[in-house]
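Report on the following structure.
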Amino acid sequence: MSTSNTAGTAILGAGLFAKEAHLPALQTLGPLAPKLRAVYSRSEKSARELAAQATTLLNTSPDVYFDENPSLNLDALLSRSDISSVIVILPITQQPSIILKALAAGKHVLSEKPVAPDVASGAKLISQYETQYKPKGLVWRVAENFEAERGFIAAGRAIATGKIGKVTFFSSRTVNFIDKDSKWYKTPWRTIPDYQGGFLLDGGVHSVAALRVILPSAMTHLSGFTSLNKEWLAPHDTINTIIKNADGSHGIFELSFAAPSPSRSDAGRGIVITGTDGWLEVQQTLARDLINNIEKPIFRVTIKSATRDANGVLGPEKEEVIDEPIRGVELEQASFFAALDGKDDGLGSPLGTLKDVAIIEAALTSGGALIDLEKLISQS
């Protein structure tokens, strides 16, 4: 590991996703990740809980920072010269100011999705980074784990290599069941969201990112409707949209967190891309890990390619199945740390993730009108 990484990293935020996703990802990366030297949370209790888990998983004892002690607050953490990067996992509306604070302190930043609460603030944040901090060599990436998932990347590669011909239409359907007992709902900043869309923004950008990775052409126009079907998921919990792409293809994007029961979540969900010479489907499912003899979640890509003889007569369909383990958080971290060594693969581009926010924002505001997505971003 180069000197850019040996200085160490810190986690800012001690919520569920820090504990259940980012710490285990650092554990999996092992020596490919810098040492976790510090953790920060607004409360001492949550910061110490995260530090304790880090000690167990990473065999290290990060220093603890929290707002209740001025000598151990975020400013104190960011002043440390032995920390070169931070992973920001904070409530959506708090992240932009913390990202800028970390960049101003000379730290590289990996911040959780979405890039910002809305397109306008995201565009402003990106502009500040591009003009003030990128020229100084600082790296800022957005942690959108669906963008890093190998299953979606494999689907995009299959289309790019012509396995289903030219894309003609597509569908993305995600229906989730969230009730008041959900650990995700019980997170205070999600219970009473101070950002547009509630769960639709927080979780919906994942579905958009998957389409962005798979489709060969940019999504340019959208028309849709929103509704609220469970009052505790205000302001909205469901969107249904039609999207047009730059290459003329079009499709359906449906997203809801208002399933009446858990079983509804499995009905018709997933991504299906149809082309002139075949189609493919991406589904999340379980596959048995033969080494550990346990079921593990995977993304399964099923590719159906049409074959034709010399006269163009349709022949037997060719099927290919690709199974990829779900490990997006690990891969996005690895990409970020590699970028600190000058090995930038383009993953986690703030502008790319701004496009994800634009889809959700357009869906929330369309009311059936046609929204020009490129204009929405360029005018922000």
Side-chain angles (χ1 to χ4, degrees), residues 1-41 47 49-65 77 80 82-90 95 99 102 107-113 137-154 206 209 213 287 289 291-292 294 296-299 323-350 352-353:
M1 185 179 296
S2 76
T3 55
S4 63
N5 282 348
T6 54
T9 193
I11 292 178
L12 312 185
L16 285 173
F17 208 63
K19 296 173 181 176
E20 297 185 6
H22 279 279
L23 273 184
L26 288 173
Q27 179 188 31
T28 301
L29 287 178
L32 296 178
K35 182 177 181 180
L36 181 64
R37 296 193 181 276
V39 298
Y40 159 81
S41 180
E49 287 174 352
L50 183 65
Q53 184 177 346
T55 300
T56 300
L57 292 181
L58 307 179
N59 195 30
T60 187
S61 297
D63 296 325
V64 174
Y65 291 81
L77 184 156
R80 288 179 53 166
D82 62 343
I83 293 174
S84 65
S85 64
V86 295
I87 302 173
V88 182
I89 318 167
L90 291 166
Q95 291 210 145
I99 291 167
K107 310 303 181 187
H108 305 291
V109 176
L110 176 65
S111 61
E112 258 301 328
K113 59 77 204 165
L138 291 173
V139 174
W140 171 38
R141 295 291 179 267
V142 178
E144 172 45 76
N145 50 301
F146 272 38
E147 183 183 358
E149 290 292 356
R150 296 288 173 82
F152 298 130
I153 293 171
H206 286 314
V213 170
D289 180 341
I291 296 176
N292 299 302
I294 57 173
K296 286 190 173 182
I298 64 166
F299 283 114
D323 287 349
E324 289 287 353
I326 294 178
R327 48 195 287 252
V329 177
E330 169 199 338
L331 294 172
E332 72 190 3
Q333 283 188 4
S335 172
F336 170 66
F337 295 131
L340 305 191
D341 282 339
K343 302 168 186 175
D344 185 3
D345 59 8
L347 201 65
S349 159
T353 56

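This chain uses plain numbering: 1 for the first residue, then up along the sequence.
In this pair, Phe152 and Phe299 present their aromatic rings tilted. The plane angle is within the 30 to 60° band.
Within the 4.5 Å cutoff, the side chain of Leu347 has no heavy atoms near those of the Arg141 side chain. Lys107 has its side chain out of reach of Leu138: every pair of non-hydrogen atoms, C-beta onward, lies at least 4.5 Å apart. A heavy-atom distance below 4.5 Å is found between the side chains of Ile83 and Arg37. Between Phe337 and Leu26 the shortest side-chain heavy-atom distance falls below 4.5 Å. At least one side-chain heavy atom of Glu332 sits under 4.5 Å from a side-chain heavy atom of Glu112. In this structure, the side chains of Leu77 and Leu12 come closer than 4.5 Å at one or more pairs of heavy atoms. Put simply, the side chain of Leu36 reaches to within 4.5 Å of the side chain of Leu23, judged on heavy atoms. When side chains are defined from C-beta on, Ser41 does not count as touching Ile11, because their heavy atoms never get closer than 4.5 Å.
In this structure, Glu49 pairs ionically with Lys19, as a charged nitrogen and a carboxylate oxygen lie closer than 4.0 Å.
The two residues Glu147 and Thr353 come nearest to each other via the heavy atoms OE1-CG2, 4.2 Å. What you find for Ala47 and Val39 is that their closest heavy atoms are O-CG2, 3.5 Å. Here the closest non-hydrogen pair linking Ala18 and Gly13 is CB-O, 3.5 Å. Residues Val142 and Pro350 approach most closely at CG2-CA, 3.9 Å, considering heavy atoms. For Val86 against Ala102, the heavy-atom pair with the smallest separation is CG2-CB, 3.8 Å. Taking all atoms of both residues into account, the shortest heavy-atom contact from Ala51 to Val64 is CB-CG2, 3.6 Å.
Between the CD1 atom of Ile87 and the CZ atom of Phe17 there is a distance of 11.5 Å, given to the nearest 0.5 Å. Atom CG in Leu32 sits 11.0 Å away from atom CD in Gln333 (nearest 0.5 Å). The CG atom of Asp341 lies 11.0 Å from the CZ atom of Phe336; values are rounded to the nearest 0.5 Å. To the nearest 0.5 angstrom, Asp63 atom CG is 4.5 Å from Arg80 atom CZ. Note that NZ of Lys296 is 11.5 Å distant from CD1 of Ile326, once rounded to the nearest 0.5 Å. A distance of 9.0 Å separates CD of Glu324 from CD1 of Ile298, quoted to the nearest 0.5 Å.
The 12-atom threshold is exceeded at CG of Asn292, counting heavy atoms of other residues, nucleotides or ligands nearer than 6.0 Å.
Under a 3.5 Å cut-off, the side chain of Ser85 and the backbone N or O of His108 do not form any donor-acceptor pair.
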One pair to check against side-chain contact (heavy atoms from CB on, under 4.5 Å): Val88 and Gln95. What are the steps and the verdict? CA-CA 7 Å; Val88 182; Gln95 291 210 145; 3.7 Å; yes
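Here Glu149 pairs with nothing under the side chain to side chain donor-acceptor pair (under 3.5 Å) rule; sequence neighbours left out.
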